[in-house]
Amino acid sequence: MAAVNSDALLSGLSAAQTEAVTTLAAPLAVIAAAGSGKTTVLTRRIAYRVREGTALPQHVLALTFTRDAAAEMKRRLRRLDMREPIEAGTFHSVALRLLRDRALARNEAPPHVANDRLRLVRECVTQLSLRVDAYQAMTDLDWARARMIEPNRYEAACRAERRRSGMPASRMVDFAEAYEQLKRRRGVLDFDDLLLHTLTALRTDSGFADGVRWRYRHLFVDEAQDLNPLQHALLEAVRDRRADLCLVGDPRQAIYGWNGADHTTLSEVEHRYPGITVVPLTANHRCSPQVVRAAAAALTAAGQRDDSQSSLADGPGVRVEEHLDELAEAEAIARQVRTLLHQRSGRQLAVLARTNDQISVVQRVFTEHGIDTERSAGRAPIELAVADACRCMNRDQLAKWVDAAFDEGDPIRQRVAEEADRFLTSQEPGTFRAWLDVRNPFDDDDGSSPTDAVALLTFHAAKGREWWGVFVVGANEGLVPHSSASSDEQLAEEARLFYVALTRAEHQLVVSHSTSRGQRSAVPSRWLPAVAATIGDERPVPPPASPSWGRAPADPLGPLKQWRAAIARVSGQPDKAVCNDRVLQSLLDSPPADTKDLARRLGITETAAARLRPLPSGT
């Protein structure tokens, strides 16, 4: 049972957020706009239900799509004083645990997950003399399996969905058969096999299915717009028509159709789940009104709807810039970033682009300007160390990696090395990745990055992240939308991807394009004029007229201004150097949820924010 009382769990929530946390409706879908506090609502709903006794922690299953997201969910629940752990993980990690438990109960060998799928695919490509890159072949296969499309239906499916196949579509049957045979010979499974085998077991083994459904009674799914048909089928097999299901996500941020996801699971949720209760969260508590309007305009121009509104005070106007070419664009951004670095830390800034090739140009120019950059800033340092260890092809290589990690002196890599050493000495079969999926030894890591570098990321990699200032580069046709998008559905997804990029900015947003790219003439994105048109909406609202009688009304910001002045006196700086009146107004309109939120809004570290005197009562 959680120690935090129900009132504390609802503290700081808006009326809509409170409804999403407390409603007894089931099944439930929370349609959460960008910046609306999706993860806060999801974790507080779990904690609230446990506190109220409507959910038992040992029977909760919370599913998400990345290890980082699962770890963040567990961290937030611990901060809410959840005394008993819940099952939270990716679809693949949960499926692996279930298959291992089943194998143990049947006295069978546990599943062995392939250490390097790409090597297996490359062998099959070579064997069949296919003229296709191995990674592209793997992408094609993954798309078909995620959509539950049999190999003999792949060619027709590509035609129906106007999908460009990397390999000759007519060869998918041969390739899929060769891949399955190679896995059987090696005695390994891949990640999609984990889902398929678990789904098959739930459908054919009634004893196993009954046990899983008894174990998982309260189901929560984060980022439900990213469900693919295979994951959805597995979820439904576990649910077995029971009502206790909560889906949380945002159809406006569905950007993984290329990888098999089906956004209609959430965008058409009322048809998928007749009788479901839908709670919309439309207030964006992260982005300024200017950013929200610009992003909504881009989506509207693409024929899609966004009804979200910013809850914050006005910020600076969005800027749309034109440059001669991609090099001039990168140079201009580098100069602006260097200026901002006098006021902001590098980790508060990001440059986002549609492709990795664009990022490479920006990185080269930033290096010339002496600006530190981080291209993997969307991932926690410990996950990067784990990924590095998991690239080892065998146990001998992993042992050498462990020795090298200990010699380097990096405490994060050393922690991963200690776990890898435990894996090696255990003599347990399988891979280090499978060992980690079962044990989750790094769930207590806070995910913070020690670097102070500017993030350089693709639109896809930036999802789930946020920065004070964002530069979106290359808003040209052929990139936004990408030239590979040919069908209406693909173009709609490209618009959502642009929307995701724009809504990563909290305060300052600059969108740029160039008149030429790759020595060819270029034109602005078809959605850029709509973004530019919102700049004309930046009309200052006049202050209300003072009454002609009696005393002028008290300044509602008075207590906060006194709070700011006290901090300024102690630190020996002007009042406005602490924060401007616009920030004070935002603190009054939407009080910070915690120290981390206060730090973000003041543009200081969490440690510094913790040392500040408390905000005035009533804020």
Side-chain angles (χ1 to χ4, degrees), residues 65 90-92 95-96 99 109 111-205 226-237 255-265 393 431 433-434 482-490 493:
F65 289 85
T90 65
F91 279 82
H92 294 103
L96 178 58
L99 290 177
H112 186 174
V113 181
N115 199 37
D116 187 356
R117 281 191 66 213
L118 191 59
R119 184 171 61 178
L120 298 179
V121 169
R122 191 175 291 114
E123 287 186 38
C124 295
V125 167
T126 301
Q127 173 191 333
L128 297 173
S129 300
L130 293 175
R131 301 186 65 178
V132 60
D133 176 74
Y135 182 81
Q136 183 59 57
M138 186 168 68
T139 300
D140 291 340
L141 181 64
D142 287 347
W143 178 83
R145 298 173 81 194
R147 294 268 180 168
M148 302 183 77
I149 297 170
E150 295 296 328
N152 59 1
R153 293 176 41 236
Y154 175 76
E155 189 171 7
C158 286
R159 284 197 301 271
E161 300 196 29
R162 295 178 65 182
R163 183 177 192 276
R164 297 180 183 177
S165 178
M167 73 166 67
S170 60
R171 300 297 306 276
M172 176 56 81
V173 172
D174 296 335
F175 173 71
E177 183 178 345
Y179 180 65
E180 291 301 318
Q181 289 177 352
L182 181 57
K183 285 190 298 181
R184 283 196 294 271
R185 288 200 304 271
R186 301 283 171 82
V188 297
L189 304 178
D190 65 19
F191 272 13
D192 283 338
D193 289 328
L194 298 178
L195 305 187
L196 286 166
H197 286 211
T198 304
L199 177 60
T200 300
L202 286 168
R203 289 175 171 176
T204 60
D205 185 341
D226 294 333
L227 282 165
N228 63 44
L230 175 56
Q231 291 162 337
H232 186 259
L234 180 58
L235 172 67
E236 288 301 285
I255 59 174
Y256 292 108
W258 58 274
N259 203 25
D262 180 5
H263 70 91
T264 62
T265 300
M393 306 295 289
T431 65
R433 176 63 79 183
H482 195 270
S483 58
S484 62
S486 55
S487 69
D488 290 343
E489 181 52 48
Q490 289 166 346
E493 181 164 305

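Owing to the predicted nature of the structure, the values given are computational and were not obtained by experimental measurement. All heavy atoms count here, side chains included; hydrogens, waters and symmetry mates do not.
Note that CD of Q127 is 10.0 Å distant from CG of D174, once rounded to the nearest 0.5 Å. Within the model, atoms CG of L128 and CE of M167 stand 8.5 Å from one another, a figure rounded to the nearest 0.5 Å. One finds the CE atom of M172 at 9.5 Å from the CD1 atom of I149 (value rounded to the nearest 0.5 Å). Between L234 atom CG and L194 atom CG the span is 10.5 Å, to the nearest 0.5 Å. For the atom pair D140 CG and F175 CZ, the distance stands at 8.0 Å (nearest 0.5 Å). Rounding to the nearest 0.5 Å places CZ of R163 at 9.5 Å from CH2 of W258.
Proximity of N259 to N228: side-chain heavy atoms (C-beta onward) are nowhere separated by under 4.5 Å. Looking at heavy atoms from C-beta onward, H263 lies out of side-chain contact with D226 at the 4.5 angstrom threshold. Within the 4.5 Å cutoff, the side chain of R203 has no heavy atoms near those of the T198 side chain. Using a 4.5 Å heavy-atom cutoff, the side chains of S484 and R164 are in contact. Between H232 and D262 there is no side-chain heavy-atom pair separated by less than 4.5 Å. Counting heavy atoms from C-beta outward, L230 and L196 have side chains that approach closer than 4.5 Å. You'll find the side chain of D205 stays beyond 4.5 Å of the side chain of T200, heavy atoms only.
Between R147 and P229 the shortest heavy-atom distance is CA-CG, 3.9 Å. Nearest approach of V121 to A137, heavy atoms of both residues: CG1-CB, 4.0 Å. Minimum heavy-atom separation, H112 to G187: CB-O, 3.7 Å. Listed here is the closest heavy atom pair of A237 and L202: CB-CD1, 3.8 Å. Nearest heavy-atom pair, V132 versus V125, reported as atom, atom and distance to 0.1 Å: O-CG1, 3.6 Å. Considering all non-hydrogen atoms of both residues, G260 and A146 come closest at CA-CB, 4.0 Å.
In this structure, W143 and Y154 have perpendicular ring planes: the angle between them is above 60°, well past the 30° mark.
Judged purely by atom type and a 3.5 angstrom limit, E155 has no side-chain atom pairing as donor or acceptor with the backbone of A169. Between the side chain of D192 and the backbone N or O of R145 there is no donor-acceptor pair closer than 3.5 Å. Judged by distance alone, the side chain of E123 and the main-chain N or O of L120 form no donor-acceptor pair under 3.5 Å. Side chain of S165 to main chain of P168: no donor-acceptor pair is present (N/O by atom type, distance under 3.5 Å, no hydrogens or angles).
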Worked verdict on V113 versus F191 for side chain to side chain contact (heavy atoms under 4.5 Å, CB included):
CA-CA 7 Å; V113 181; F191 272 13; 3.5 Å; yes
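Between the side chains of H92 and Q231, not a single donor N or O lies within less than 3.5 Å of an accepting N or O. Judged purely by distance below 3.5 Å, without hydrogens or angles, the side chains of D190 and Y179 pair a donor atom with an acceptor atom.
Of the charged side-chain nitrogens involved, none lies within less than 4.0 Å of a carboxylate oxygen, so that R162 and D488 do not count as a salt-bridged pair.
Among the candidates R184, K183, R117, the single residue satisfying the salt bridge (Lys or Arg N to Asp or Glu O under 4.0 Å) test with D193 is K183.
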